[in-house]
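Numbers restart at 1 for each chain; the letters A, B, ... are given by sequence-line order, proteins then strands.
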2 protein chains.
Amino acid sequence: MTSGNGTQVQGRTRIQARNRDAILTAGLDVFSQHGFRGSTLDQIAAGAGLSKPNLLYYFPSKEAIYTALLEGLLETWLDPLRDLDPKGDPLTELLSYMRRKLAMSRDYPRESRLFAGEILRGAPEMHDVLKGELKTLVDERAAVISGWAKDGKIAAVDPHHLIFSIWALTQHYADFDVQVRAVLGGTDPFPGAEAHLEQMLESLLRP
Amino acid sequence: MTSGNGTQVQGRTRIQARNRDAILTAGLDVFSQHGFRGSTLDQIAAGAGLSKPNLLYYFPSKEAIYTALLEGLLETWLDPLRDLDPKGDPLTELLSYMRRKLAMSRDYPRESRLFAGEILRGAPEMHDVLKGELKTLVDERAAVISGWAKDGKIAAVDPHHLIFSIWALTQHYADFDVQVRAVLGGTDPFPGAEAHLEQMLESLLRP
DNA sequence: GAATTGTTTGACCAATTGGTCAAAGCCACG
DNA sequence: CGTGGCTTTGACCAATTGGTCAAACAATTC
């Protein structure tokens with residue numbers, strides 16, 4: 001049986017793999033909804049179908065579950081930006097980056113909210129990663145975008161703020177989901193969002 | 001002595017006004033940083049310079065402080081959208097709406113984060129307001145924007161998603177502040193953000 | 001099938017935390 | 001200055017919660 005979600009689960013035995021996976025899945029559910037301090041081991045244990053001491057047989061502490069989730073998440077989270085192809089067509093590349101990020105908001109809202117909660121609280125667990133791995137990758141891709149702009153392939157834009165904009169616009173539909181849906185009523189926000197964000201990016205980047 | 005922050009504080013005596021104000025200010029500090037469940041009465045009491053039982057003399061419960069903050073916040077939060085003038089110049093109106101929202105992210109990041117945290121957790125305390133007051137106001141202003149588009153004064157855009165975009169883009173700089181600063185290094189994000197968001201809106205709305 | 005290793009749990013603990021309460025302190029006003 | 005109402009607090013409580021531990025229970029190996 002393979003891991004039910006996308007999270008990497010190592011473990012010697014089958015039982016270990018299954019239970020670690022169940023714990024991480026339940027942890028994602030609970031942490032993303034209530035934040036770290038608002039979540040309890042009992043909630044996670046119940047969600048995973050285990051007893052609390054049994055949880056602590058697989059993870060040494062509540063924090064360990066939380067950090068395991070965050071670490072497992074980061075790679076997935078950065079993949080779309082990593083895949084931005086410097087040799088591709090600029091507008092196509094940036095549009096498909098935006099579309100992938102929006103699809104992640106639609107398909108993995110819990111992951112987005114977990115991340116958002118961590119950043120909101122000042123990223124106590126991720127400060128180093130943000131200033132290290134994340135900054136490096138963003139600076140790198142910003143340079144690519146800058147190059148495109150200098151070559152006149154897209155309009156002159158601030159590449160860092162362009163990336164922030166894509167993050168903000170796409171993640172908003174996961175993180176502020178209740179608000180968006182409250183305002184929109186019964187309509188599914190995502191088709192409209194995609195069309196609107198395409199229009200926005202295209203008009204901005206047109207040289 | 002007037003209320004130190006923008007929050008409305010009623011109270012018969014001077015002492016009441018001062019202490020309720022101190023509690024709300026401390027509550028904003030603590031709640032915006034740790035969320036509702038992550039905050040303790042002791043933290044708030046310490047921040048306000050009062051004892052815990054004394055806190056509970058002014059507010060009946062922890063939740064009461066939290067909801068008092070949220071209620072006091074909402075009006076301030078919606079003011080810029082409310083001030084959107086149907087008779088003004090469309091581009092000017094929308095640009096200055098964006099600028100005011102961005103300024104609020106710069107000047108009142110705690111308020112933005114408090115709000116963001118509440119929405120992230122599913123808005124347990126604000127669901128009604130979102131579907132009522134907020135939806136009504138947004139629908140109304142969306143109609144105004146729709147009118148502008150039909151008159152050819154701005155490009156044809158989805159007015160609801162345009163409003164969401166302005167929220168997302170501006171609040172991002174308060175809510176994800178640590179991330180933005182981690183990536184940007186020492187630079188102040190706001191000047192660059194304002195220029196970039198102006199460029200974005202102008203190119204989008206150009207008829 | 002006995003021994004070893006891996007897994008699960010009930011009972012328990014100390015710390016934290018939201019909230020209570022009666023008594024004490026303080027203040028204004030007659 | 002003394003009385004009555006407002007304000008403050010120390011002591012306390014019950015519930016919650018992260019975490020421990022020894023013992024019971026399964027699984028695997030020889």
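Considering only heavy atoms from C-beta on, B/Arg113 stays 4.5 Å or farther from B/Phe31 through its side chain. B/Asp175 has its side chain out of reach of A/Ile119: every pair of non-hydrogen atoms, C-beta onward, lies at least 4.5 Å apart.
Shown for residues 31-41 of chain B: residues whose heavy atoms fall under 4.0 angstrom of DNA chain D, namely B/Arg37. Contacts of residues 52-62 of chain A with DNA chain C (heavy atom under 4.0 Å): A/Pro53, A/Asn54, A/Tyr57, A/Tyr58.
At a cut-off of 3.5 Å, with distance as the only test, a side-chain donor of B/Thr92 or B/Asp89 sits close to an acceptor on the other residue.
A distance-only check finds a donor-acceptor pair linking the side chain of A/Gln43 to the backbone of A/Thr40 [under 3.5 Å]. A/Ser39 places a side-chain N or O within donor-acceptor distance of the main-chain N or O of A/Val30, the cut-off being under 3.5 Å. Of the possible donor and acceptor atoms, one in the side chain of B/Arg141 sits under 3.5 Å from a partner among the backbone N and O of B/Arg82.
A cation-pi arrangement is absent between B/Arg106 and B/Tyr173, since the terminal nitrogen or guanidinium carbon is not both under 6.0 Å from the aromatic centre and inside a 45° cone about the axis.
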Derivation and outcome, side chain to side chain donor-acceptor pair (under 3.5 Å), residues A/Asp177 and A/His172: CA-CA 7 Å; A/Asp177 181 74; A/His172 186 81; over 6 Å; no
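Put simply, chain B comes within 4.0 Å of DNA chain C, heavy atom to any atom, from C/dT17 to C/dC21, going 5' to 3'.
Ranked by how close their nearest DNA chain C nucleotide is to the 5' end, B/Ile15 and B/Glu63 are led by B/Glu63.
Taking both residues in full, the closest heavy atoms of B/Arg121 and A/Gly117 are given as NH2-CA, 4.1 Å, listed atom of the first, atom of the second, then distance. Between B/Ala182 and A/Lys131 the shortest heavy-atom distance is CB-CG, 3.6 Å.
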